Amino acid sequence: MKGFYIHIPFCKVKCLYCDFYKIIPKSSFEIDNFLRVLSMEIHENSCYYNTIFIGGGTPNILDRNKLIELFEVIVKNIKLYENYEWTIELNPELVNLDNLVIFKDYGINRLSLGIQSLDDYELKFMGRLHRKRDVFKKIDLIERLGFENVNVDIIFGGYFQDVGKFRKTLYEIVNFPITHISTYLLTIEDGTPFKKLNIKLKDEDTIEEMFKMKEEILYEHGFYRYEISNYAKKGFQCKHNLIYWKRESYIGVGPSAASFIKPNIRYKNVENLGLYLEDYKKYREYEFLNDEQILLEKIYLSLRLDEGLELQDISIVSDLTEFFNIYGNRIKPNIKGIMVLDRLAIEIFQRINSRETLKLSSL
Amino acid sequence: MNIRNFCIIAHIDHGKSTLADRLLEITKTLREDEIKEQVLDSMDLEREKGITIKMHPVRMEYKDYILNLIDTPGHVDFTYEVSRSLKAVEGAILLIDATQGIEAQTISNLYLALENNLVIIPVINKIDLPNAEIERVESQIRELIGNVKVSRISAKYGWGVEELIERIINEVPSPKTNSDKLKALIFDAIYDDYLGVIPYIRVFDGEIRPKMKILFKSTSREYEVLEVGYFHPNGRIKKDKLSSGEIGYVVANIREIREARVGDTIVDARYPQTIAIEGFREIKPMIYAGIYPINPSEFEELRKAIEKLSLNDASLVYIPENSPALGPGFRMGFLGLLHLEIFKERIKREYDLDIVITIPNVEYEVILTNEEKVFINNPKDFPDYYEKAFEPYVLLKIITPSEYLGNLITLLQNRRGIQRNLFYLDSKTVEMEYEIPLYEVIFDLFDKVKSLSRGYASMDYEFIGFKEGDLVRVDIYVANEKVDALSFVVPRIKAYEVSKNIVEKLRSLIPRQLFEVKIQASIGKRVIASERIPPLRKDVTAKCYGGDITRKRKLLERQKEGKKRMKMIGRVEVPSEVFLEVMKIENK
């Protein structure tokens, strides 16, 4: 499996919680410049891939002509295997018949809609431009154009959010004609307005309650968790994201995009559009992972996935059983474990690492 | 030879080092471009903390005079060293910041100087500053030491410094000689990797020269002098001899710093009966603490580091010990908390070792049930049953502006202090004398006194002996594991309150773990205070940052690194600072 990621670093406004690299474009000219250089980078990575993911930023900030320009470059250079998955991320307020038709024409077969919440107060609080009404309209439009694989993103756990409203949002989205739901616990990232405003999360009890409630409602409606934050109907797991999580190779283009070449090379483009345009290769940062780093990645990524982590010696977690369901030598965190997964990942890493004889059987 | 020996008494930041720099410049001891800021304090740490711990003497030549300047440390931990350097000179510059006025701490050292019959030259510094209050500071000085001439200078710009040098020459008496038989005072010593221990001395009588046999009065050991000389900021300058009145150094193949004790007298070995200079005292540690490497495998490195540091610091005392909770380490004796703090910083900076320091404690004298008398410097060894127990007491002197008297009396009463004396130094300044257990002094009394007096009071104490007390050992359990390094000894009447504070403090200092952690304090089997740290409930980053797997990995790697600075107690991870931090609450 091999994935291709394209980062479109433009947004109309910056959402208050978001820390992905993005800027508000000063002119159409700036976007043209970007597309010109991006095309070069795409061209340099011409090859066969299993998946394409266009993310951002807000990819659908591009107008009709620019979208076509971008897609022309993509289809000329990026060859797709059969059973490919091609996703584009969309902000609901910018979804329209025009661009949906273009997506369809170029073969995009998966849409990811950043709805975040179906409560207008919460949407406003987070600095989103769309409202609940827009979501219903756009979902309808998407269905009518025949997109069969659609994801929606939602965010929960902020102190400004409400358990009741969260339940309502969940019950509404499970009835959308969609196949996939990403539910992200709000993370207050350094450098974001939320951090500066000292926005807090709900208390731990409430977060756990929200997590359990979400799990129940989604399972009831046929959405199964296959990654700590991601649920899908059978057969609709996101292939592209699984490439990241299972440490398959992928190439990312555009500022801030990350790439991984098996087994141990990671590199990342500069998080600065000016420098990217000046010389994207020069400012790339490379990393060559050592064995310990590979082990840590495998542990934390596997624990987040539904398949869990297979241990050679299960006894190293014998005092941690309250955090896992155990199937033979395989451990899968339960809800209690999911809540403290970062800590558990480190704990398990240290235990495996301190016994040289023990290695992950999947290594 | 015209010699003038003097020191500078000043509060931190009143410009002592800047004045020293100007003196070096005007006497052409150093060229202007050689003067870095604060030449005389050579340890980084001293610079940072703004205090002088080790004295760096310097000899300057000006016109026909030799001027010897000795620097003085300014903290109660080092009072003895101050008293020895004052003994080595005839005059003292009392340096006061024109914007700050006299700080009470300066008064302590001023009285020490007056006790030693030094000529005092009062100097007001920083007169260049717009907020200088020269008149007010002058009247403060006059109130303290009478109607004297007060110099006004700006050490920064050199204003008035030449005139000050003239005053030193005219007013500080030249050294007097009573005999031609050698008598010299050791006021400091350093360790040199090649030359061994080098005592810094003031020659009072006679002379000292290479090949001469000398005798140290306190140890009665004899040495042959290999080299003598004096001090230049750039290093030592060899001479053929040091004569009466001079200040310099001696190299005599001395192996251990403990052989050259500060305050000891050096005499000619042919005249061993020469009377020693009075005031010599054995330096004894006032407090003890356990020192452990966070990583037990670094024990050997720690041992080497402590050995190295103690080469240069005669007051460091250490013996290996083993703690069931913390593994192998050392029990060490210190002069006081600042001394401990300096040690900690040097271990970290100079040797890059992460260590755990346990709650400091005093030494106890205990008569066991079998009548045997033992000294106990580790609380975990304090017996459950005993005949009698004694704890060290000190005579505490506090000099304070009278408006803070009430606050301080209450504080000292709460700390089991007994008033011995109280009198007015002048209409606004009171000196208080209290007998008080050392235990009550060592933790934060200095800070408390400072804060209750808005920084104006100064304190000093001296050991006066052991007194009986009703003492009891309290043990601390973390997740049902006894942490011997946290055991402490308290007067029985305070046991409950102190335990409660410690247990609460531990709860706030130990980060939440994957499991609930119970913290208990107990006397014997009886639990007297208890707290619980609820388990960690949430530690997860929801998002994987798209393809940026590195970012999350780095986040985990940082957390992983943080865990390395933790000490494992059973399965509880305890940050190394906890052991030292916990004492800060002990005495509320």
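Quick note on labels: first sequence line is chain A, next is B, and so on, each numbered from 1. Just the heavy atoms: all of them, side chains too, but no hydrogens, waters or symmetry mates, feed the values below. What you are looking at is a predicted structure, and each value in this text was computed from that prediction instead of being measured.
Between chain B and the options A:Glu208, A:His240, A:Glu297, heavy-atom pairs under 4.5 Å are most frequent for A:Glu297. Across A:His7, A:Lys268, A:Glu292, A:Arg247, the residue that shares the most heavy-atom pairs under 4.5 angstrom with chain B is A:Lys268.
Neither the backbone nor the side chain of A:Phe53 comes within contact range of chain B, judged by heavy atoms closer than 4.5 Å. Looking at A:Leu296, the atoms closer than 4.5 Å to chain B (heavy atoms on both sides) all sit in the side chain, from C-beta outward. For a residue to count as touching a neighbouring chain, one of its non-hydrogen atoms must lie under 4.5 Å from one of that chain's; by this rule A:Ile338 touches chain B with the backbone only. At a 4.5 Å heavy-atom cutoff, the contact between A:Asp205 and chain B is made by backbone and side-chain atoms alike.
Side-chain contact check for A:Leu341 versus B:Asp539: every heavy-atom pair is 4.5 Å or farther apart. In this structure, B:Val540 and A:Val340 have side chains that are not in contact, with every pair of non-hydrogen atoms separated by 4.5 Å or more. Side-chain atoms of A:Tyr250 and B:Ile549, non-hydrogen and from C-beta on, do get closer than 4.5 Å to each other. Taking the side chain as every heavy atom from C-beta outward, A:Arg343 and B:Lys538 never approach each other to under 4.5 Å. Contact annotation: the side chain of A:Leu320 approaches that of B:Phe515 to within less than 4.5 Å [non-hydrogen atoms, C-beta and beyond]. With a 4.5 Å cut-off on side-chain heavy atoms, A:Glu347 and B:Lys563 count as touching.
Few gaps surround NZ on B:Lys560; more than 12 heavy atoms of other groups in view lie less than 6.0 Å from it. The number of heavy-atom neighbours closer than 6.0 Å to CZ of B:Arg454, taken from other residues, nucleotides and ligands shown, is 12 or below. The local environment of CG in A:Asp291 is sparse, with at most 12 non-hydrogen atoms from other residues, nucleotides or ligands closer than 6.0 Å. The number of heavy atoms from other shown groups lying within 6.0 Å of CG (A:Asn290) is above 12. Atom NZ of A:Lys332 has more than 12 neighbouring heavy atoms from other residues, nucleotides or ligands inside a 6.0 Å radius. Atom CZ of B:Phe299 sits in a crowded spot, with more than 12 heavy atoms from other residues, nucleotides or ligands closer than 6.0 Å.
Checked for salt-bridge contact, A:Asp342 and B:Lys552 meet the test: a charged N lies under 4.0 Å from a carboxylate O. The pair A:Asp203-B:Arg537 does not meet the salt-bridge criterion, since no charged nitrogen lies less than 4.0 angstrom from a carboxylate oxygen.
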For B:Thr550 and A:Gln293: C-alpha separation, side-chain torsions, deciding distance, then whether side-chain contact (heavy atoms from CB on, under 4.5 Å) applies. CA-CA 9 Å; B:Thr550 296; A:Gln293 290 172 316; over 6 Å; no
Step by step, work out the side-chain contact (heavy atoms from CB on, under 4.5 Å) result for B:Arg553 and A:Leu289. CA-CA 11 Å; B:Arg553 191 194 70 240; A:Leu289 308 182; 3.1 Å; yes
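Taken from OH in A:Tyr300 to CG in B:Leu555, the straight-line distance is 9.0 Å, to the nearest 0.5 Å. Atom CZ of A:Phe349 sits about 13.0 Å away from atom CD of B:Gln559, to the nearest 0.5 Å.
Listed here is the closest heavy atom pair of B:Gly547 and A:Ala258: O-CB, 3.6 Å.
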